[in-house]
Structure formats: C-alpha cells, structure tokens
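Following: one structure in structure tokens, then a few remarks.
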Amino acid sequence: MRYAAQRLLQAVPVFFATTFLIYAMVFALPGDPILALAGDKPISDETLHTLRERYHLNDPLIVQYGLYMFGLLRGDLGQSFTGQQVSDMLAGRWEVTAQLALTAWVLELAVGVLLGVVAALRRGGIADTAVLAGTTFVIAVPVFVVGYAAQIVLGLNLGLFPTAGTEQGWPGSYLLPGMVLASFSLAYVARLTRTSLAENLRADYVRTATAKGMRRRRVIGRHALRNSLIPVVTFLGVDFGNLMAGAVVTEGIFNLPGIGQQVFQSIQLQEGPVVVGAVTVLVMIFIAVNLVVDLLYGVLDPRIARA
Amino acid sequence: MTVLMRAQGAAVLLSALLALSACGGGGSSTPGGQSGDAPKRFSVALTEPDHLTPGNTSSSYSIAVLGALFDTLVVIGPDGKPQMRAAESITSDDQKVWTIKIRPGQKFHNGEAVTAESFADAWNAAAYGPNAWTNNYYFANVEGYDKLNPEAPEGSEEAPKPETDKLSGLNVVDPTTLEVTLTAPFSQFPIMLAYTGFAPMPKAALQDPAGYDTAPIGNGPFMLDGRWERNKLIKTKRFDGYAGPRPAKSAGVNFKIYANRETAYTDLRAGNVDLLQTIPPASTSEAKTLLGDRFVSIPGGTMDYLGFPAYDKRFAGADLRKAISMAIDRQAIVDAVFNGAFKPMSSLVAPLVPGYRATACGESCTYDPAKAKALYDEAGGFTGTLNLYFSNADPSYEQWMTAVANQLKQNLGIADIKFRKIPSADYLATLRAHKQDGPFRNNWVMDYPSPQNYLESMWGAENRMGWKSPEFLDLIKRANSAPTMEASIPLYQKAEDLALAEMPMAPLWNWQDQAGHSEKITNVRIDAYSPNLDTITVK
C-alpha cells in the first residue's frame, strides 16, 4: 500500500515535467498556425490578430503554459483552433484507442505467451523454428506495411474483416487493427517467453519438482512459467506505451478516430492545448499501467514485494 | 490546414466538365432502380471539415458538405456561366449598387422563411471583425466593411471594438429584395456570390453560433440528420420542404470521414463507400482498370505556378524569368510525377475560367532549351546559389521541384541549385514576409470562375513576388468596373498578357482530380463546379 502511494507521488513531478516539455516542443515548432489555417486565401490583419489573441499566441511560452495549467486545475483543458473544447475532443476518442490498445494487448499476451511456450517446450523442433522464423519476419517488416497488407488481403480480398472504420463496433472493427498493432510486440513476447522458459526448464527447482513426481503440466504451469513471466510482464508494461504510439499509424490506416490520429493531426496544426491534453493523459495511463505491472511482480515473485 | 489539403478538396468541388460527358454516359447506360422503390441513402468519402458555418470556412471539405445543405444565390452552371438559384435576379446599372431579388417561398430546414434578411444577417456576422471568421475578407469590397474591422491605432496592438455590427452597404428593401452597395464597381459580383461563404443563415444561427457550427440549418435539398459526429460521420437526409430547383433524388447522404485517402480508396473498392472524389494519384491507373466507366477525371480550377522574387535584383529582369520558364519541360514533369493526369499550362487561369486562352503565354511557356539558353545568356545569366522553395506538405512537391532543378541544370547550366523545403505551417508566412530568395512553388485554388479571382489575388497589390505594376492594377480596376461580364473579359486578358510579358510568376500545370463511384449509385454528374449530389440515385 505504501509502495503504491509512493509511486503515485512520484507521478506528480513526472506530470509537470512532461506537460511542460510537450508544451515547449509544440511552441518551438516553426510557423504561424493561424496563418496556416487560412491557407492560400487572403486573411485580414485584424482577423489574424483577433485569433492570435484568442489563443494567447502572442504571449511568451511561460505565460501560455501558466494559463494552460491554471485552466487545467479548474478542469478546463482549453480549446482547439476550431473552437472545440479539448475535453470533448478527447472524450470521444478515448474509447476507440482504449479498445484498440486493449485488444492488441490481450492478443499480444495470449498469443505471444502461447507461441513462446510451444517453442520452448519443443526446442529445436519444427514448431520452434517456425516461431523463430515467423517472429523474425514480423519484427523486420514495418507496421504500416503489415497494416496495408492485412487490410488488402484479409479485409478487401478475403472479406474476413471490415476494411476500415468503427461501424461494427467491438470486436468486429477492432480485431484486424488490433492484430496489426500487436504483431510487432507479439513477436517479442513470444521470443522472451521462449528464452526465459527454456532457461527455467533447466533450473534446479524444476528438476526437483519433476523428481518429486509432480505432473509435467503442473511443473511448467505453476513453477517454470510463473518465474519465466517476470521479464515478459516488464516488457508488457513498457510496451503499453509503444501500443499508444503505434496507434498513430494503425488508426490512420484503419480510419479509427482515436487519440493517436488526434495527436498526429494536432501536431500538424500546432494546436498546443490538444497535443498536451492528449499526451498528458497518455503519460498518466503509462504511469498507471506500470504501477500495476510493478505490483504484479509481487504476485509472481513474493521476494520482490518484500524487498 | 495545409495547402495541399485545401487544394485537393477544392479541385474536387470545382470539378469536371469532361466528367459530365464521361459520367453522364455511364450513368444513363446503367438501368436505374426499380420504380416504386423508396429512395435510399448513399455515402461519400470526406476529410474532417474545420467548421460548418458558411461564413467561417474556406476548407474544401466543409464546402463539400455545405454544398448539399445550402442553396447559394447563384451557382455556376456546367458551362461556367452563373445561374440563378436562391436568387430570382441580380442586377445593377453601375456595377456598384446591386439589387438582388430573392425567389419567394424558400424555407430553411427548421421552417423559417428565407428572406433578404437571412442573407444580410449571415454577411454581417461574417464581416464583423471580432468574430474572426475565415471568410471575413470576402466582404472587404462591401461598403461599411472598414467600420466593422477598425484598424488598431498607432502604437497599439489592440483594435478598438467596432461601433456597429452591420454593413452599411447592405439594405433590406423588403423580404425578397436586398440592395448591396460596393466600395467600387465590380462586374464579377454575381459570380462571387456562388461561393458558399455567401450562403444565408436563419435566426437560430445568430442565437447559438457554437451549436450552429456542428448542426447547421440550411436551405438546400439535404438537411442534417443528427449532429456532426466529429471524425466519423456527417449524416444528412432529404429535406422534404425543399422548394428549389434541385430536389434530392436519394433519401440522404452519409459523409464518412477518413483520415487518409488510401484508406478511403480501399473502402471504395470494398464497397463500403459509394463516392470518392480524390483517388490517390498512385492508384490512378489501377482505379481506371478496376472501375471502368465508374472512374471519372475532373478538371479543376487549381493551378501550380513557379513564382520569382522580383524584389531580389538577381531576378529583377523579365528575360531571365522567361528563360527559366522556357527551360522547364512541363509535359515531361506531368507525365513522370502525376501519371500524366495534370495538364501543362500556357495561361495564368485554368481552362474552365471564362476568357481562358490556351496559348496566352505563347513562346515563353513553350519548352525550348536552345532558345531558353540563348535568352538566359543574353540576360546575363545567374550567379550564386539558386534556392528553390516549396513546403513539405506533400512529397510530390519535392519530386517536381527536383525535375525542375535537373532541367535548369541541364538546359541553362545553373550548377549550384539547392532545395529549401519549408515546414508547411511556416511556408505561407515565409512567402508573405518575402523571405524567399529564389523561385518558389505557388498554388491557387479557385473560389469562383472569374479571371479576376486569379489575377487580382495572385498578381494584385502586395503579391508574393513583390512585383509592382501600376498598369496591371489599373487594367484590373477597369475590368472590375466594366459594364458587363462580357465587356470585362478583354480587359482581364490584357492584364494577363502584361503579367505574362513580365513573367513574375510562370504557370506550370492545372490540377485534375480522379473520382470513382460504386455500382450502387447512378446519375453521378460531377462537374467542374459542383459534385451535384442531389442528382444521384441509389439502386
């Protein structure tokens, strides 16, 4: 309990540091976002000035950031350049990204661990070689290639999944993008599990357990696998951040209106409040997930919790 | 919003004369839906618009939706001539005071009558400075605009609050008559009114502008069906109370919002979306084969140019600028970079603009390396580094600029050429501030088909090239105040000749958009000025 509270306290400086860094980075982007909004069309100096005032673009960085934080404390995330409330913009998109990331995460965990276990148990066999080859291939190919290929083959040609959009809801619309998003990390999980489990299978305690006449199933499931999962769980925690980042590409390909798409569009438009709002929430989730992961260590290996 | 996004979308809107013939044929050869069937909905691929208030958006994606929701006073017919739509007549004796007669009996989607006041209200709101609406500048030639947009006093950043919120040049004579007084005679005024920025708004819009922006109430054949679901869907249905000339033939249009065109194209192939107006250039040849007569090529009003910084003394001579123009093989670049889909230009205005002359530019825009080199040497050549400016909004800009650089190297012997690739958000600010010291990419998306829209916006006062020609400005002024549109054309052409003779900016090519539709819909009549969604029927 104290451990959890400590970790939460640590999140406070992280929160301020990340929001300030992100705000400063968006601020440092070259160009005039208001002028860019007008495109090639004529825009009067008065209109430019009014809009810059409205979004505090004439103020120095520290004032802009201060105003933003002040608003944030009152629960006001600010406005985008099209006059939408940032909180409204993000609210609609969270569902999408959460469903996508969780789908990917579950696939990664279930399929990755399963493949790893199969490979470890049949080391040097056909299954092991197949997993090794398959994962090498997936790691080598960029996500957007996997994405477009899966969309054309599985979605368009075979018609197994919808090609794009969220019309079918969960799980229909999320399975294929979830698989694409998970593919890269899934390969890592499989490899981690395989190596870790293969090593543990040769450990003394496994030999002891087997010698005591314990059934093989129980030896692997209860003892060897449980110990082997510690590096995998660590990876899954850190990887949640990768999933959020990968969502930028995947959401674009599959036209899922999630947070990744929003961040991408808002960076292009230099909408500071939107980028900071979205990324801040991402950071918070990342911190929370990793806290859960740390607590999970204790469950897997009681020695860590006591330390 | 990047230049590219605007350009592509708008080109769609201002789409195709050719399409008319190509598509009309395709549509009529397919048997229509069985009679007696209730009309059905169809879907159109769209990119997320910025606003849906007519006065506050110039985004082509917004205009795509607003074109279905609103009837403007005037529309541009497939022949490029203005036709009355919400107006009965628009007349003027002196091109300065215009009388607009509004067709009686029209209603907004909420039942409110469309009157002269609906237009006056909408225009006042757009012209009112503190609202800071995007189309504010389009009202600058209406009398009283200055009062609504007072300038900041000397030494102060803050502009004072306007004393009035009404344009003195707008006079509601009676419910169907609006009198507009301009600051100077302007013969192109009726054409300008075809722009969606001049659409009417009901009283409800003024009471709740924020709510109106996501659920606009218009006077067109389609009405909103529920609110705009951001980044997902804008659903419309047929407006049964519509009394205008173009009732909807379908039950409604679903605008499905896509974040990228590649995905929209895949969805078109999968049959998940019925109409896509911007097939990605890379997929053009595949789409042609796949879609057959459901593939439509649409000439648009969008043009690419190569501008010269005339304020830089190395580019001050017209002969050097012409030599560069003559050293560029436009057709070769179009074939290599745009799959041959764009059209090389020898004119400053697009082919669909009245008064277009195919060879207005003549020799100066014709590829002739030998003559170009001779002229280049005669003009004294060029010393130093030649910087080429373009933005990073689209990879094709760098592709064609690379081709231009190679041709200049080869044909003129300019050895030291560098690229200045500017972040898209910074590009226009760079051009506006005249920071470019070499030829630069310039692009124009047509607002309305008048040579004035091109010439005055791009070569007029305070242009990006820093080109100064009182004679040109005088010709434009005389053309604007010509007694009729026909009489204005020769004057605009004279102005164009002058701009070509001095060549502060060379025309390159005219954009074409590639559209495609599903087998589910027929009667697709996309023309150069409108996608005409009202004519589409669903099987």
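Per chain, numbering begins at 1; letters A, B, ... match sequence-line order. These numbers come from a predicted model, not from an experiment. Note that these values count all heavy atoms, side chains included, but never hydrogens, waters or copies made by symmetry.
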Does A/Asn255 use its side chain to pair, donor to acceptor, with the backbone of B/Ile257 at less than 3.5 Å? yes
Is B/Tyr128 close to chain A through its backbone or its side chain, or both, or neither, when contacts mean heavy atoms under 4.5 Å? neither
Would you say that more than 12 heavy atoms from the other residues, nucleotides or ligands in this model lie under 6.0 Å from the OH of A/Tyr188, or not? no
Residues, nucleotides or ligands: over 12 heavy atoms within 6.0 Å of B/Glu286 CD: yes
For A/Gln265, which atoms come within 4.5 Å of any heavy atom of chain B: side chain, backbone, both, or neither? side chain
Which atoms of B/Asn136 come close to chain A, meaning under 4.5 Å heavy atom to heavy atom: side chain ones, backbone ones, both, or neither? side chain
Let me check something: any side-chain donor-acceptor pairs from residues 147-158 of chain A under 3.5 Å, sequence neighbours excluded? List them with distances.
| from | atom 1 | to | atom 2 | distance (Å) |
| --- | --- | --- | --- | --- |
| A/Gln151 | NE2 | A/Thr163 | O | 2.9 |
| A/Gln151 | NE2 | A/Ile253 | O | 3.2 |

Would you say CZ of A/Phe144 has more than 12 non-hydrogen atoms from neighbouring residues, nucleotides or ligands within 6.0 angstrom? no
First locate atom CD of A/Glu251, then atom OG1 of B/Thr263, and finally report the distance between them rounded to the nearest 0.5 Å. 12.0 Å
Distance-minimising heavy-atom pair for B/Asn260 and A/Gly252: ND2-O, 2.9 Å
Look at A/Met89, A/Arg93, A/Gln262 and state which one has the largest set of heavy-atom pairs under 4.5 Å with chain B. A/Arg93
Heavy-atom distance under 4.5 Å to chain A: side chain of B/Asn131, backbone, both or neither? backbone
